[in-house]
Protein chains: 2
Amino acid sequence: MGFMANVPRLDGLIERLESADALDDLQGIIEELRDDLGVDHVVYHWVNSNGQQYGCGTYGDWAVRYAEKGYLRIDPVVQGCFQRFHPVDWKRLDWSGKAARAFLRDAIEHGVGNQGFSIPIRGPNGQFALFTLSHNCDDDTWEAFTEDNRRDLILVAHYFNQKALELEPGRTPEAAQPLSPREIEAMTLLAVGYNRAQAADTLSISEHTLRVYVESARFKLGAMNTTHAVARALSRGLIVV
Amino acid sequence: MGFMANVPRLDGLIERLESADALDDLQGIIEELRDDLGVDHVVYHWVNSNGQQYGCGTYGDWAVRYAEKGYLRIDPVVQGCFQRFHPVDWKRLDWSGKAARAFLRDAIEHGVGNQGFSIPIRGPNGQFALFTLSHNCDDDTWEAFTEDNRRDLILVAHYFNQKALELEPGRTPEAAQPLSPREIEAMTLLAVGYNRAQAADTLSISEHTLRVYVESARFKLGAMNTTHAVARALSRGLIVV
DNA sequence: ATCTTCCTCCCCAGAAACTGCGAGGGCGGG
DNA sequence: CCCGCCCTCGCAGTTTCTGGGGAGGAAGAT
């Protein structure tokens, strides 16, 4: 397999993905993909909304350092992809800011390539993941490579996330519990700045009733207070502001 | 051309999608895709969870009736796809329940095919859309057709949604005034359920100081209260919970 | 037919958050 | 050098939220 080849045997890869039945298989598949592509790193990174992370890939100790340092909060790749729909070249992200530059320096020192290409993927309940390629080369080479493989990579990322969703053990049971229509309305109004009286008035119900909805939603979401509940509902995609 | 052909000229279609610069172009592209595929209907449906909808497709008056009747709330396709990641054949959805069956009967009476295949797509800020094919044929034919075209359809749906996101008028990227590091920490802690005392303690500052951060963030975000501010910070990707 | 879930309404007291006032030191840019 | 922004801290009064009760009707599911 040569240097930065096109995605090879896409069919075979996706078939292997579909027949995988353990997270360890994913690690193997991702390493195979890295070798076939000829890039330095391939990483799948699950950004769980409660701060936990799951990932597999070829970053090695950088992944450990990343988690230890809490880089998730300042990583411009995460920040940028979270607001985008399409795959993004790292060069197009906002690397201004002291923290971002320090992060980048640290990353490169720990073996991450100077080039990167990340595909955001979103699933139900606000799930968010990143499928990332990283490599060391010049801009033109990287540009050509990503353009050639963009569509195939989108598909691979999609199937990879599908399998990861299936296999992920931490499928929070409480996340499955949906909110009732009234609860959604109530939470949405609170999320856009209404206080309880205003929200109740908007829904033409008593403030007490609205309170019941909010409490019910808070219970379902496992939240400690209203702000927490609204944050969780937003993170899980149950409401939209 | 012909009956239910494979996705033809995928490259050309995606190129047309990428060069589209108006929502009307999308309507044309979707009609072309329907003709090329040889299916009865192709529909792109933007489901905003606050009740607003945008769609384009070939449903004609059914789309109007759908909106008028508020079918969004009972449509098993929407309900089912919202909880799923992968494309889904309508047969695999839950059609039990009186409302669902009545809805299905009404749909078929208004020209919707007895077969359907819907691809859920999710974008930033909880955006959710459906890309749907519908047709009239037997189960085996439909099964074979969707299996053959699954990957191409996923890609088309992805690029279609990307363009729809670009062209959607309601995209007001409000000046994302950045929060200071301390403000981000404070808002993040509140978003994960801490109250002000706990958050202040965690940051090793006085509760009053924390309050100042929250007020400052609230002002920057144009929010009316803490809950609102946290919701906005989350929506704009300023904090990650 | 029964059971669960949802929607609606009520009271009260304590805890927490909001509003508005003010103050000082540090750090970087014009 | 001054201006603006960030970080830090205090008091007091008012409003809002939280948590504990209870209660009845309507709809859908088993």
Side-chain angles (χ1 to χ4, degrees), chain A residues 74 96-99 101 174 176-233 238, chain B residues 70 73-74 76 79 94-103 175-232 238:
Chain A
I74 61 167
S96 70
K98 210 160 38 179
R101 278 192 297 269
E174 55 209 351
Q177 198 163 12
L179 300 181
S180 78
R182 273 317 221 191
E183 286 162 358
I184 291 177
E185 290 181 292
M187 299 298 286
T188 302
L189 289 174
L190 294 184
V192 297
Y194 288 30
N195 62 28
R196 298 200 298 197
Q198 292 172 318
D201 198 53
T202 303
L203 296 179
S204 301
I205 56 178
S206 78
E207 184 174 338
H208 308 104
T209 301
L210 184 117
R211 230 182 62 194
V212 174
Y213 296 146
V214 176
E215 278 176 34
S216 170
R218 204 170 55 217
F219 179 75
K220 288 180 180 175
L221 295 165
M224 323 202 55
N225 53 47
T226 301
T227 299
H228 191 196
V230 168
R232 287 203 157 175
L238 300 175
Chain B
R73 302 225 174 270
I74 60 168
Q79 308 289 328
D94 175 24
W95 292 97
S96 69
K98 209 160 42 179
R101 279 192 297 270
F103 165 76
Q177 194 170 7
L179 300 180
S180 78
R182 273 317 222 191
E183 286 161 357
I184 291 177
E185 290 180 292
M187 299 298 286
T188 302
L189 289 173
L190 294 184
V192 297
Y194 287 31
N195 61 30
R196 299 201 296 200
Q198 291 172 318
D201 198 53
T202 302
L203 297 178
S204 301
I205 57 178
S206 77
E207 182 174 339
H208 178 85
T209 301
L210 183 118
R211 237 180 56 196
V212 174
Y213 297 146
V214 176
E215 278 175 32
S216 170
R218 205 167 55 213
F219 179 76
K220 287 181 181 175
L221 294 165
M224 323 204 55
N225 53 47
T226 300
T227 299
H228 192 195
V230 168
R232 286 204 157 174
L238 300 175

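Just so we're on the same page: letters track the sequence lines, and every chain starts at 1.
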Expressed as a whole number of angstroms, how long is the span from [X]:[atom1] to [N]:[atom2]?
X: B:Met224; N: D:dT15; atom1: CE; atom2: P; answer: 16 Å
X: B:His228; N: D:dT16; atom1: NE2; atom2: P; answer: 17 Å
X: A:Arg182; N: D:dG25; atom1: CZ; atom2: C1'; answer: 16 Å
X: B:Asn195; N: D:dC17; atom1: CG; atom2: C1'; answer: 12 Å
X: B:Leu210; N: D:dT8; atom1: CG; atom2: P; answer: 10 Å
X: B:Glu207; N: D:dC11; atom1: CD; atom2: P; answer: 12 Å
X: B:Ile74; N: D:dA27; atom1: CD1; atom2: P; answer: 16 Å
X: B:Tyr213; N: D:dC9; atom1: OH; atom2: P; answer: 8 Å

Boundaries of the DNA chain C segment in contact with chain B, non-hydrogen, under 4.0 Å: C:dA17 to C:dG22
Just N and O in the side chain of [X]: are any of them under 4.0 Å from OP1 or OP2 of [N]?
X: B:Ser96; N: D:dA29; value: no
X: B:Thr209; N: D:dT8; value: no
X: A:Arg218; N: D:dC17; value: no
X: B:Arg211; N: D:dT8; value: no

Sugar-phosphate only, base, or nothing, as touched by A:Thr226 at under 4.0 Å among non-hydrogen atoms: sugar-phosphate
Sugar-phosphate only, base, or nothing, as touched by A:Val214 at under 4.0 Å among non-hydrogen atoms: nothing
Taking the side chain as C-beta and beyond, is there a heavy-atom pair between [X] and [Y] under 4.5 Å?
X: A:Glu215; Y: A:Val212; result: no
X: B:Thr209; Y: B:Leu203; result: no
X: B:Lys220; Y: B:Leu179; result: yes
X: A:Val214; Y: A:Thr226; result: yes

DNA chain D: 5'-proximal contact among B:Ser204 and A:Tyr194 (nearest heavy atom): B:Ser204
Donor/acceptor link under 3.5 angstrom from B:Arg101 side chain onto base of D:dG28: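 Donor-acceptor pair under 3.5 Å: no.
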Shortest non-hydrogen contact between [X] and [Y], atoms and distance:
X: A:Val230; Y: A:Ala191; result: CG1-CB, 3.6 Å
X: B:Gly193; Y: A:Met224; result: O-CB, 3.8 Å
X: A:Leu210; Y: A:Ala186; result: CD1-CB, 4.1 Å

Global bending angle along the helix from C:dA1-D:dT30 to C:dG30-D:dC1, which compares the axes of five pairs at either end, to 10 degrees: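 The end-segment axes of the helix from C:dA1-D:dT30 to C:dG30-D:dC1 are tilted 70° relative to each other.
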A:Tyr194, OH: over 12 other non-hydrogen atoms inside 6.0 angstrom: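 Atom OH in A:Tyr194 is not packed in, count stays at 12 or less.
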Pairing of B:Glu207 and B:Arg211 as salt bridge, 4.0 angstrom limit: no
Straight-line distance of B:Ser216 OG to B:Leu221 CG, nearest 0.5 Å: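 Here the rounded value is 9.0 Å.
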